Amino acid sequence: MYINEEEIVNHISAKPFHLISEAAEELGVEVYVIGGYVRDIFLNRPSKDIDVVAVGSGIELAKRVAKKIGRGAYLSVFKNFGLGDVYKRQAQVKAGDLELEFVGARKESYSHDSRKPVVEDGTLEDDQNRRDFTINALALCLNKERYGELVDPFGGLEDMDELTIRTPLDPDVTFSDDPLRMM
């Protein structure tokens with residue numbers, strides 16, 4: 001499952017990734033493509049599931065990216081949807097067949113008597129901790145000085161090699177926080 005750095009950068013060489021990088025530099029935020037898109041690079045599968053996490057405001061980043069794309073870019077900001085605070089931090093940019101989902105890095109904590117999390121701003125590590133599986137916690141940096149650098153704190157690549165599905169944190173915690181993850 002080895003892919004060299006040049007091949008990784010080739011997967012994120014398309015214009016939208018560079019626009020995201022430029023916008024992040026202008027806003028002074030760390031930015032990563034994360035989850036299924038990154039996983040699929042290593043599985044050599046095509047993917048249009050592009051999720052972007054900003055250590056800062058994902059909404060402000062999405063606005064800046066939409067402006068850079070220009071005409072034909074449609075921005076949707078999800079302010080009051082679903083589980084309250086979780087979706088106040090999301091935005092989507094569509095342009096033709098391109099669909100980018102933006103979120104600010106966050107950490108979540110759950111009460112034993114509620115499925116509604118308390119959501120706070122977080123770090124990339126906090127955001128990766130709350131992911132369902134190690135293979136979906138893979139992230140590639142889009143900031144200029146670290147462009148294409150893989151962040152894999154839980155051994156997601158090894159898990160793919162070993163055909164193993166694991167949660168980043170203790171599975172009892174992961175699944176009790178959100179039982180739907182088992183589906």
Side-chain angles (χ1 to χ4, degrees), residues 3 7-108 116-117 119-124 126-128 130-133 135-144 146-152 156 178 180-181 183:
I3 290 182
E7 290 172 301
I8 292 170
V9 171
N10 186 48
H11 279 280
I12 56 172
S13 65
K15 186 176 181 180
F17 295 107
H18 288 288
L19 294 177
I20 294 167
S21 180
E22 289 173 17
E25 294 298 322
E26 291 168 8
L27 293 171
V29 298
E30 287 179 53
V31 65
Y32 302 85
V33 60
I34 194 165
Y37 187 85
V38 179
R39 178 200 64 227
D40 289 346
I41 288 172
F42 290 95
L43 293 174
N44 200 24
R45 295 192 311 206
S47 180
K48 291 190 177 202
D49 177 23
I50 303 173
D51 294 329
V52 177
V53 65
V55 181
S57 175
I59 292 172
E60 290 306 312
L61 181 60
K63 288 178 181 177
R64 183 74 56 111
V65 170
K67 188 174 184 177
K68 287 184 167 297
I69 292 172
R71 295 186 93 151
Y74 297 96
L75 172 70
S76 299
V77 176
F78 305 106
K79 289 188 176 181
N80 295 308
F81 178 79
L83 295 172
D85 288 342
V86 174
Y87 293 99
K88 287 182 183 175
R89 301 165 188 265
Q90 289 188 322
Q92 179 185 72
V93 175
K94 288 185 178 185
D97 65 349
L98 176 68
E99 193 171 304
L100 304 166
E101 299 281 340
F102 292 83
V103 66
R106 64 188 191 259
K107 57 183 171 181
E108 300 173 349
K116 183 178 177 183
V119 180
E120 301 173 68
D121 291 338
T123 63
L124 174 65
D126 291 328
D127 201 83
Q128 288 173 304
R130 64 167 203 80
R131 302 270 164 179
D132 55 358
F133 302 113
I135 61 174
N136 292 329
L138 299 169
L140 291 173
C141 187
L142 296 179
N143 291 97
K144 187 169 49 175
R146 295 176 43 219
Y147 201 85
E149 179 182 300
L150 176 67
V151 182
D152 179 16
D178 185 357
L180 290 177
R181 288 180 170 159
M183 301 301 234

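Positions are given from 1, in the same order as the sequence printed here. These numbers were taken from a predicted model, which means no experiment stands behind them.
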If I compare all heavy atoms of [X] with all of [Y], which pair ends up nearest, and what's the gap?
{"X": "Ala62", "Y": "Leu75", "result": "CB-CD1, 3.8 Å"}
{"X": "Gln128", "Y": "Ala137", "result": "NE2-O, 2.7 Å"}
{"X": "Val29", "Y": "Gly56", "result": "CG1-CA, 4.3 Å"}
{"X": "Ser13", "Y": "Asn10", "result": "OG-O, 2.8 Å"}
{"X": "Ala139", "Y": "Leu124", "result": "CB-CD1, 4.4 Å"}
{"X": "Leu61", "Y": "Val31", "result": "CD2-CG2, 3.5 Å"}

_I'd like to know if Asp127 pairs up with Arg131 as an ion pair, taking the criterion as any Lys NZ or Arg NE/NH1/NH2 lying under 4.0 Å from an Asp or Glu carboxylate oxygen._
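Yes.
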*Salt-bridged, Lys67 to Glu26, with N to O below 4.0 Å?*
no
Side chain proximity check, [X] to [Y], heavy atoms < 4.5 angstrom:
{"X": "Glu25", "Y": "Asn143", "value": "yes"}
{"X": "Glu22", "Y": "Arg64", "value": "no"}
{"X": "Leu140", "Y": "Ile41", "value": "yes"}
{"X": "Phe102", "Y": "Val65", "value": "yes"}

*May I ask you to decide if the ring planes of His18 and Tyr147 are parallel, tilted or perpendicular, using 30° and 60° as cut-offs?*
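Rings of His18 and Tyr147: parallel, under 30°.
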*Take Asp152 and Val38, measure what side-chain contact (heavy atoms from CB on, under 4.5 Å) needs, and give me the verdict at the end.*
CA-CA 11 Å; Asp152 179 16; Val38 179; over 6 Å; no
*Could you walk me through whether Lys15 and Leu98 pass the side-chain contact (heavy atoms from CB on, under 4.5 Å) check?*
CA-CA 11 Å; Lys15 186 176 181 180; Leu98 176 68; over 6 Å; no
_Listed partners of Asp49 passing side-chain contact (heavy atoms from CB on, under 4.5 Å), at least two apart_ =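 So Asp49 forms a side-chain contact (heavy atoms from CB on, under 4.5 Å) with Ser47, Asp51.
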*Just wondering, are more than 12 heavy atoms of other shown residues or ligands nearer than 6.0 Å to NZ in Lys68?*
yes
*Do side-chain atoms of Ser76 reach the backbone of Gln92 as a donor and acceptor pair under 3.5 angstrom?*
no
_Please report the interatomic distance SG(Cys141) to CD1(Ile12), rounded to the nearest 0.5 Å._
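Taking SG in Cys141 and CD1 in Ile12, the distance rounds to 8.5 Å.
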*Gap separating the OH atom of Tyr37 from the NE2 atom of His11, nearest 0.5 angstrom*: 7.0 Å
*Does the side chain of Glu101 come under 3.5 Å of the side chain of Gln90 through a donor N or O and an acceptor N or O?*
no
